[in-house]
Asks: 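Take this structure first; my questions come after.
Heavy-atom basis, side chains included; hydrogens, waters and symmetry copies ignored.
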Amino acid sequence: MCGIAGWIDLRRDLTEQRRLLRAMTDTMDRRGPDASDVWAGGHAGLGVRRLSVVDLPGGVQPMVHPSDDGPVVLAYTGELFNFVELREELVQLGHRFGTASDTEVVLRSYLEWGRDCARRFNGMFAFAVWDARVDELTLIRDRFGIYPLHYLVRDDSVIFGSESKAILAHPQVRATVDVEGLREALTLVKTPGEAVYRGIRELPPGTMLCSSRAGTKLHRYWSLPAREHTDDLDTTISTIREILEDTVDRQVVADVPLGCFLSGGLDSSVITALASRALKRRQQDELLTFSVDFKDHAEHFKGDGVRNTMDEPFVQEMVRHLGTTHTTVMVGPEDLMSEENRRAALSARDLPTPLGDLYTSLYVLSRGVREGCTAALTGDASDEMFGGYGWFHDQHYRDTAMLPWVEASRRMPGANTIWSAGLLAPDLQAKLDLRSYEQDRYSEALAEVPVLDGEAPLDRRMREITYFNLTRYLQIILDRKDRMGMGASLEGRVPFCDHRLVEYVFNIPWAMKTFDGREKSLLRAATADLLPPSVRDREKAGYPVAVDPAYAARLRTKVAGILRSSDSPVRELLDTELTQRYLDDPEGPAAEQANRSSLEMVVQLDDWMRMYDVEVAL
């Protein structure tokens with residue numbers, strides 16, 4: 001996993017802009033601590049920070065293919081899990097390789113098939129190709145957006161980077177946030193393409209950008225297809241198992257130490273069990289596994305409907321079952337309130353988040369994982385695909401015209417946002433009109449859902465809910481995994497995001513997906529032999545959160561300091577009187593536990609506006 005950045009300008013020569021390109025690229029040093037370089041020539045410049053995972057000496061970037069008509073230059077971040085087959089095919093077509101890296105496979109695939117090469121890729125990637133033969137820039141992002149890629153178009157120029165901070169390092173770009181940006185930042189809708197900062201966009205998953213003298217256009221090269229599912233139950237279960245085994249087998253290939261996130265839940269346990277088998281077939285070292293736990297968690301833990309069981313007992317059962325070498329990363333209130341950790345998490349994301357400490361704790365976990373390995377497999381995307389979340393099974397969410405996790409955030413204790421708790425200044429709250437914004441984003445998502453003629457009403461509705469999850473909520477999950485992992489220079493791999501598996505499961509009728517009356521019935525059936533019964537039958541439990549009252553107390557102290565500060569940039573956005581009442585009466589009607597996430601957002605907004613010198617343009 002790496003970080004890329006670049007700038008094309010068809011009106012000027014950028015050959016002498018190497019210093020600026022290096023400054024843009026170096027904002028992402030944590031994405032690529034192993035190597036860094038830039039290339040500049042003619043109307044373009046590209047830079048790469050590299051985290052070496054495959055072919056450590058051979059994957060040097062930017063990678064250049066010279067030609068008489070001009071060079072073709074690649075800046076690539078990602079992993080191709082079918083690069084061996086592609087390489088063999090390209091050799092048959094006459095290509096000669098100088099490295100064993102998947103980077104060169106990407107470059108030669110572009111030379112052979114042009115921008116349509118992305119349709120052939122199985123992997124996670126975001127890359128830029130500058131083709132000086134025709135003065136064209138192509139940006140391409142993988143089907144699910146596992147890797148981020150942002151861009152800004154201005155006249156005949158495009159400035160891009162894996163992260164917004166790389167673009168903000170350009171002297172022509174200012175960290176300005178307007179009403180639309182604030183709406184996106186303060187909600188959990190995750191609109192494809194939105195990137196909060198004015199002018200900066202995020203390349204949507206499964207999309208390519210092409211910019212030349214003819215203009216700049218987006219092209220969608222992949223979207224979820226609606227197809228009739230004709231396999232019977234047994235065939236469906238065996239097909240899921242077959243694809244899972246194949247994708248995990250591909251994803252354990254690395255030239256660096258590799259591990260697995262293990263929560264003791266179904267998803268991560270399945271991936272860990274398959275990875276353990278794959279490594280044993282290769283006669284490689286035993287598997288490294290990692291989990292997170294909070295100090296004094298057992299003392300304070302109470303089931304809340306989202307997390308009814310603690311992870312650690314199930315983690316230890318899986319460790320005994322598989323014989324992995326395991327590390328439990330302990331997180332305490334001091335870790336979550338540490339200025340160093342919070343700044344690192346915020347810098348890695350470039351933005352504040354309503355999910356608060358879930359990001360900081362994952363950063364601390366990722367840092368602990370990085371001490372043992374460079375790449376790790378995760379169980380992300382299973383819930384979105386197989387129907388693991390409670391909102392798949394609750395009639396309320398099926399009947400509600402709203403993105404289900406947004407609706408859920410209004411109903412869960414402790415999940416109030418800064419605006420639903422009423423902490424924003426009243427005039428700003430009215431101007432943002434965030435409930436209407438959430439409703440509009442729901443309507444947009446609904447209009448995108450592919451139609452299958454003759455589909456029963458229930459199957460149609462469940463297809464819609466699954467589509468929302470795979471195209472919106474999964475983006476939140478993957479972005480969190482990528483940003484916090486990369487903040488610690490850790491590559492995260494997501495086997496459940498193999499597009500063959502997602503396309504297949506997306507089209508399975510709901511009755512078959514829940515054939516035994518449980519969530520994720522098909523996944524349990526396809527992997528039952530891999531797991532001990534207690535793990536196989538464990539009900540869904542969300543990522544753990546800190547429940548120590550000391551963390552909440554520290555948050556209140558931090559917010560109180562913000563309210564007292566005359567130079568706090570976030571104060572102008574707040575209803576300071578109401579916020580103070582929350583602090584003064586934490587056990588009253590505005591009980592702390594019901595508003596902890598909203599107080600967390602106050603702190604994050606203040607830190608973010610200071611760190612990025614954010615200009616709010618209302």
Asks: Regarding Arg115 and the six-membered ring of Tyr110, is the cationic atom NZ or CZ under 6.0 Å from the ring centre and inside 45° of its axis?
Replies: no
Asks: Contact between Ile4 and Leu149 at the side-chain level, heavy atoms closer than 4.5 Å - yes or no?
Replies: yes
Asks: Should Trp222 and Leu224 count as side-chain neighbours, where that means a heavy-atom distance under 4.5 Å?
Replies: yes
Asks: Within the structure provided, determine whether Leu152 and Phe160 are in side-chain contact (heavy-atom separation under 4.5 Å).
Replies: no
Asks: Report yes or no: does Arg483 contribute a side-chain atom to a donor-acceptor pair with the main-chain N or O of Arg349 at less than 3.5 Å?
Replies: yes
Asks: Charged N to carboxylate O below 4.0 Å: is that the case for Lys520 and Asp383?
Replies: yes
Asks: Tell me, please, whether Phe314 has Arg538 positioned over its six-membered ring: NZ or CZ under 6.0 Å from the ring centre and within 45 degrees of its axis?
Replies: yes
Asks: May I ask you to decide whether Asp246 forms a salt bridge with Arg500, counting only side-chain N to carboxylate O separations under 4.0 Å?
Replies: yes
Asks: Just so I know, are the side chains of Phe496 and Ile271 near enough to count as touching, which here means a heavy-atom distance under 4.5 Å?
Replies: yes
Asks: Checking salt bridge (Lys or Arg N to Asp or Glu O under 4.0 Å) between Asp529 and each of Arg536, Arg241, Arg524, which is the one that passes?
Replies: Arg241
Asks: Should Asp516 and Arg518 count as an ion pair when the cut-off is N to O under 4.0 Å?
Replies: no
Asks: Determine whether the aromatic ring centres of residues Trp113 and Phe121 are separated by less than 6.0 angstrom.
Replies: no
Asks: Report yes or no: does Asp311 contribute a side-chain atom to a donor-acceptor pair with the main-chain N or O of Gly264 at less than 3.5 Å?
Replies: no
Asks: Quick one: does Tyr151's side chain get under 4.5 Å of Ile200's, heavy atoms only?
Replies: no
Asks: Do Ser521 and Thr514 have side-chain atoms, one donor and one acceptor, less than 3.5 Å apart?
Replies: no
Asks: So, Glu438 and Arg441, do they make that salt bridge, N to O below 4.0 Å?
Replies: no
Asks: Indicate yes or no: does Arg472 engage Glu448 in a salt bridge with an N to O separation below 4.0 Å.
Replies: yes
Asks: Any side-chain to backbone donor/acceptor pair from Arg183 onto Val196? Under 3.5 Å, distance only.
Replies: no
Asks: From the options Ile146, Val106, Asp142, select the one residue that forms a side chain to side chain contact (heavy atoms under 4.5 Å, CB included) with Phe125.
Replies: Asp142
Asks: Would you please indicate yes or no on a ring centroid separation below 6.0 angstrom for His150 and Tyr197?
Replies: no
Asks: With the side chain counted from C-beta on, respond yes when Arg227 and Glu503 share a heavy-atom pair under 4.5 Å apart, and no when they do not.
Replies: yes
Asks: Answer yes or no: is there an ion pair linking Arg31 with Asp482, defined by an N-O contact shorter than 4.0 Å?
Replies: yes
Asks: Could you tell me whether the side chain of Tyr467 and the main chain of Asn469 form a donor-acceptor pair under 3.5 Å?
Replies: no
Asks: Between Arg250 (side chain) and Phe81 (backbone), is there a donor-acceptor pair under 3.5 Å?
Replies: yes
Asks: Tell me, do Thr272 and Phe261 make a side-chain contact under 4.5 Å, heavy atoms counted?
Replies: no
Asks: Between Pro205 and Arg143, is any pair of side-chain heavy atoms under 4.5 Å apart?
Replies: no
Asks: Please check: side-chain N/O of Asp433 versus main-chain N/O of Gln429, any donor-acceptor pairing under 3.5 Å?
Replies: no
Asks: Is Asp459 paired with Arg463 through a side-chain N to carboxylate O contact shorter than 4.0 Å?
Replies: no
Asks: Determine, for Arg120 against Glu89, whether the closest basic-nitrogen to carboxylate-oxygen distance falls under 4.0 angstrom.
Replies: yes
Asks: Would you say Gln604 and Thr353 are linked by a side-chain donor-acceptor pair, where the criterion is simply a distance under 3.5 Å?
Replies: no
Asks: Would you mind checking if Arg87 and Glu85 are paired as a salt bridge, meaning a charged N to carboxylate O distance below 4.0 Å?
Replies: no
Asks: So does Arg198 pair up with Asp178, basic N to acidic O under 4.0 Å?
Replies: yes
Asks: Do Tyr397 and Tyr389 make the cut of ring centroids closer than 6.0 angstrom?
Replies: no
